[in-house]
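Here the structure is laid out as structure tokens; the discussion comes afterwards.
Along the sequence shown, residues carry numbers from 1. Ligands are counted one by one from 1 in listed order, and the atoms in each one are counted from 1 as well.
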Amino acid sequence: MSKLQTINILNVPVAPFSMQQTLSYLTSRLDAREKTCVVTANAEIIMLGQRDSEYMKILQKATLVLPDGAGTVWAGRTLGYEVPERVAGFDLFLELIKISASKKYKVFFFGSAPDVANIAKKECEKMAPGVEIVGTRNGYFKENEVDDIINEINNSGANILFAALGAPKQEFWLEQNYAKINADLCMGIGGSFDVLAGKMERAPKWMQDASLEWFFRLYKQPSRFVRMLALPHFVIKVLHMKYCGKLLDK
Ligand code: UDP
């Protein structure tokens, strides 16, 4: 497969794909059994990469980094690139579940509080009849349990592993264990199981369309305030890159 054309957003190589392009890229890789690691990068994730060089390396090594969040789409367009649309992790996760039902990909759900992944599994089975969710495992574990978790994932025969440990934990965990995991597609999906299980609300569609999902999440979880302080800094860095042509150090 030819090298992916990416755009550079504060040193993170983002693929300016639409949802449709993403799905055809991922299904062709799944069918060819090519190992693939996907990160859906919102502004918070891109800013984490600015502060943590190990995390930046993971973003730069991932097979596919997608423009999740209004901030990433805005940044790409501000820097002069064509970014067709936002590819949100939650939406991509649901689309992949539907495709898994028709293409018979086996799926494993790893992460979230005990039982949440099981409720999410039932919801997916209702939404996409025939989908094979071959295992679930909650995301609270000790280091000495990791080998067992990997064995459970591998023994399930899963083609797709969704890891819902939140960013950046899920990306670090996948990076550390990628070589041992047999699933062809690994993707971090943050709080997606919580949303499906009704434990967390997603912003209404009009707020998503008005690029206000970040505001909704802050309203629902004020504890995210500190994380979200990175957002104005993200805007400053992107504008500095645009008008001064180089990355702002701090
Ligand atoms: N979580 C987990 N293990 C941990 C920490 C968090 O499984 O050690 C789960 C948590 O239960 C929640 C998800 O990870 O389901 C994090 O959701 P959040 O919305 O914070 O993630 P984000 O979308 O911001 O990355």
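Closest non-hydrogen pair, Lys103 versus Asp31, comes out as NZ-OD2, 2.7 Å. Across all their heavy atoms, Asn138 and Ala113 have their closest contact at CB-C, 3.9 Å.
Ligand 1 lies under 4.0 Å from heavy atoms of Gly111, Ser112, Ala113, Gly139, Tyr140, Ala164, Leu165, Gly166, Ala167, Lys169, Gly190, Gly191, Asp194, Met200, Arg217, Arg224, Arg227.
Residue pairs meeting the salt bridge (charged side-chain N to carboxylate O under 4.0 Å, His left out) criterion with at least one partner in residues 8-26, sequence neighbours excluded, are absent.
The neighbour count for Lys35 NZ, taken as heavy atoms of other residues, nucleotides or ligands under 6.0 Å away, is above 12.
Residues passing the side chain to side chain donor-acceptor pair (under 3.5 Å) test with Lys57, sequence neighbours excluded: Glu54. Partners of Arg224 according to the salt bridge (charged side-chain N to carboxylate O under 4.0 Å, His left out) rule, which considers only residues two or more places apart in sequence or in another chain, do not exist here.
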